[in-house]
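Here the structure comes first, spelled out in C-alpha cells, and everything after it is commentary.
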Amino acid sequence: MNAVAAKATNTDFVLAVEGLTVSFDGFKAVDDLSFYVDEKEIRVIIGPNGAGKTTVLDLICGRTKATSGSVKFRNKELTTLKEHEIVKAGVGRKFQNPSIYEDLTVFENLELCYPRGRNVFGALFFKRDAKVISKVREVAEMINLKDELESQADLLSHGQKQWLEIGMLLIQDPDLLMLDEPVAGMSVTERKQTAELLRRITNDRSVIVIEHDMQFVAEIADHVTVMHQGKILAEGSAEKVKQDPKVIEVYLGH
Amino acid sequence: MSNFSLKNMMTRQDVLGFLVLAILLLVIMPLSMDIIRLTQFGKYLSFAFVAVGLVLCWGYGGILSLGQGVFYGLGGYALAMFLKLEASSPENTAIQSTPGIPDFMDWNRITELPWFWEPFNSFTFSVLAILIVPTIFAYFIGFAMFKRRVGGVYFAIITQAISAILTILIIGQQGYTGGVNGITDLRTLLGWNIRSDYASYVFYFVCVALLFVCLFIAQFITKSKLGRILVAMRGQEDRVRFSGYDVANFKIFVFCVGAAFAAVGGAMFTLQEKFMSPSFVGIVPSIEMVIFCAVGGRLSILGAVYGAIVVNVAKTYFGESFPELWLFAMGALFIGVVLAFPDGLAGVYQKYCAPTVDRFLDKAPVFKRYSGDSSYSPSEPAKAS
C-alpha cells in the first residue's frame with residue numbers, strides 16, 4: 001500500500017492491523033485495511049462521513065466482529081477476544097458521544113474504571129483504599145475536575161463530560177488509547193485545554209484519534225491516515241496529507 | 001477508610017429506616033395482632049423477600065424478571081416436600097393402599113416414592129435445596145440468556161414463559177407434585193407440631209430474622225462497587241464492557257441473588273401457611289411480585305418490604321369485598337404508580353418526608369456521627385403509609 005506496509009513482518013508495532021474487512025449485508029464498511037501504529041505514536045484518522053473511521057475503532061476494541069483480517073496488539077490477536085478482555089490487554093476506547101455513567105458521581109465514575117476488582121466477587125469486596133483515592137484525585141486533577149468529584153456526572157457540561165471520559169480511560173492506564181472526536185462540540189477554550197491534556201497524556205502511550213478539525217489534527221498528529229469508502233486514501237504527516245490532491249478532492253476541498 | 005464499616009454501608013437515613021422497620025415487625029405487629037392475623041402478615045413478608053430481590057435485579061441491574069414465582073415456588077416446594085414426607089409416615093398413612101408415601105401419590109396409583117423425592121427425607125438436604133436448587137436454576141437461565149446478550153423485554157418474556165411452563169408441569173404431573181392442589185396437610189417439623197400457636201410465633205420471628213439477613217445482604221451489595229457497576233450497567237451497558245467488566249457475569253450474579261431471596265421467601269410461606277401450591281408459581285403471582293417492588297420503589301430495598309405489605313393488605317381487604325374487581329384495581333395501581341410515582345413509596349418518602357427527618361436527625365445526638373452523608377445514597381427508606 002505504501003512505505004509503512006513494507007514493514008509488515010516487523011512485530012515491534014504496538015498495533016498491527018492487516019487485511020481488516022467487515023461487511024454489513026454485503027456492504028464493506030471497512031475493506032482490506034492495513035495500518036501500523038508505533039510505540040508512543042499519535043495517529044490521527046481523518047476522512048469524510050461514512051469512510052469507516054469509527055468502524056475501525058469498533059473493530060479494534062471488539063465492539064464489532066471482523067469478517068476477516070487480523071488486529072494484533074503487541075502481537076496478541078484481538079479479533080477473537082471479548083470487549084473486556086481487550087480492555088484488560090491494554091486498549092482503551094473513548095466514544096464519540098461522551099458515554100459516562102450519569103447516575104454516578106465523578107469520583108464513582110473514575111473509581112469504576114480503576115483496574116482492580118473486575119470480576120464479580122472482586123467488585124463485591126472492593127475496598128476504596130488510599131491508593132484508589134489518591135489515583136482518582138490525581139486523574140481528576142489532570143482532567144480539571146478535582147472540584148467536581150462529588151457532583152453527579154450528568155450535571156457536568158458537555159466539555160467536562162468529554163474530559164471525564166478521557167479520565168476514565170487514563171485511570172485504566174492503557175498502552176493504546178483510542179479517541180473518537182475528543183473535541184467535537186467543544187468551545188474554543190475547551191478545545192485548547194483538551195489539546196494540552198492530550199499532549200500530556202500521550203507522552204507515554206500510543207494513541208489513535210479520529211478528528212475533523214484540521215487545525216487540531218496538525219497540532220497533535222505524528223502520522224495522519226486518510227480514509228475513504230473503507231479504504232486508506234493517503235498516509236503521512238499532516239502537512240503532506242494536506243497537499244495531497246486526492247485528499248483535497250474527497251475531504252478537504254469543501 | 002474501610003468499605004465494610006457500618007458508616008460506609010449505611011447512611012443515617014438507612015440506619016433509621018432499618019430501626020423503624022425492625023420495631024414495626026418485631027414489636028408493633030406481634031403486639032397488635034392475634035396469631036392468625038400475624039401469620040397472615042408473615043405471609044406478606046414472605047413476598048417481601050421476592051420484592052427485595054427484584055430491587056437488586058430490576059431496580060439496580062435493569063433486569064426485569066416476570067418469573068420470580070418460579071424461584072419462590074422452588075424454595076417453597078423444597079420445604080413442603082420435606083414436611084410432606086415427614087407427615088406421610090407409614091403410621092399416619094396406614095389406610096392408604098401404599099402406606100408411607102404422600103397421600104396424593106397414593107390417589108394417583110403411584111406405589112413407590114419417586115427417586116427425586118428420596119433426598120427430601122433429609123432435613124439438611126432440604127434446607128440446602130431451598131437455597132441451591134433455585135440458585136442453580138437461575139444460574140443456567142442467566143448464563144443462557146445474558147451470555148448471548150438477551151435482555152430487556154425479551155428476557156422478561158422468557159422468564160414469564162418459564163413460570164408458565166413450570167406451572168403446567170406441576171399441575172400436569174399430579175402424581176409427583178400434588179397437582180393443582182399443591183402439597184397440603186403438613187403437620188410436623190422434626191417431630192415438632194407446626195400447627196400450634198407457639199410454632200406460628202416462632203415461624204413469624206424466623207421469617208422476620210431471615211428477612212433482615214436478606215436486607216443486610218442487599219444493602220451490602222448496593223453499597224459495594226458491584227452495586228455501582230449495576231447502576232452503571234443499567235444506563236450504559238456497552239460502556240461497562242469497555243471499563244473492563246464482563247457484563248453477563250454481573251447480571252447472572254444479581255439474578256441468582258434475587259432467586260435465592262425469592263426461594264427463602266417461598267420456604268417461609270410454606271412454613272407459615274403449611275402448604276405450597278402452583279398458584280404461587282405462575283404468571284399472575286410473578287407479575288404481582290413485580291408490582292410489590294414497583295409500589296415500594298424500585299431502588300429502595302426497604303421500600304420493597306413496605307410495597308409487599310401495602311399491596312397485600314389492600315389485596316386482602318379489597319379482594320375480600322370485591323374479588324372480581326381486585327385484578328383490575330391491581331392493574332390500575334401498577335399503571336398509576338408507574339405514571340405518577342415512578343420511585344414508589346420510597347420516592348414519596350424521599351421527596352416529602354426525608355428533608356424533615358433529616359433536620360430532626362441533625363438535632364438527635366445519637367445520629368450525630370452519621371451527619372452529613374445522607375444525600376448521597378440512591379436507596380433511602382420508605383415509611384408505610
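In what follows, chains are A, B, ... by sequence order, proteins preceding strands, each numbered from 1. Values below: all heavy atoms of this structure, side chains included; hydrogens, waters and symmetry mates excluded.
- Atom-to-atom distance recorded for Leu16(B):CG and Phe360(B):CZ is 8.5 Å, nearest 0.5 angstrom.
- Interface remark: Val240(B) contributes backbone and side-chain atoms alike to the contact with chain A (heavy atom separation under 4.5 Å).
- The existence of a salt bridge linking Asp173(A) and Lys135(A) is excluded, since no basic side-chain nitrogen approaches an acidic carboxylate oxygen closer than 4.0 Å.
- For the pair Leu78(A)/Lys72(A), no side-chain contact is recorded, criterion being any heavy-atom separation below 4.5 Å from C-beta on.
- Of the atoms belonging to Ile86(A), not a single heavy atom falls under 4.5 Å from chain B.
- For Phe253(B), the part sitting under 4.5 Å from any heavy atom of chain A is the side chain, from C-beta outward, and nothing else.
- Among the candidates Gln172(A), Glu102(A), Gln152(A), the residue making the largest number of heavy-atom pairs closer than 4.5 Å to chain B is Gln172(A).
- Interface check for chain B: of the options Pro115(A), Cys113(A), Gly92(A), Gly117(A), the most heavy-atom pairs under 4.5 Å are formed by Gly117(A).
- Of the atoms belonging to Asn119(A), it is backbone heavy atoms, and not side-chain ones, that fall under 4.5 Å from chain B.
- Contacts of Leu104(A) with chain B are made by side-chain atoms alone, with heavy-atom separations under 4.5 Å and no backbone atom involved.
- Here Arg298(B) does not pair with Asp343(B) in a salt bridge; the nearest charged N to carboxylate O distance is not below 4.0 Å.
- Contacts with chain B were tallied for Met168(A), Glu85(A), Lys82(A), Arg63(A); Arg63(A) has the most, counting heavy-atom pairs under 4.5 Å.
- Checking each of Lys131(A), Arg137(A), Arg128(A) against Glu111(A) for a salt bridge (charged side-chain N to carboxylate O under 4.0 Å, His left out) leaves exactly one that passes, namely Arg128(A).
- A salt bridge is defined here as a Lys NZ or Arg NE, NH1 or NH2 lying under 4.0 Å from an Asp or Glu carboxylate O, and Arg93(A) with Asp58(A) meets this definition.
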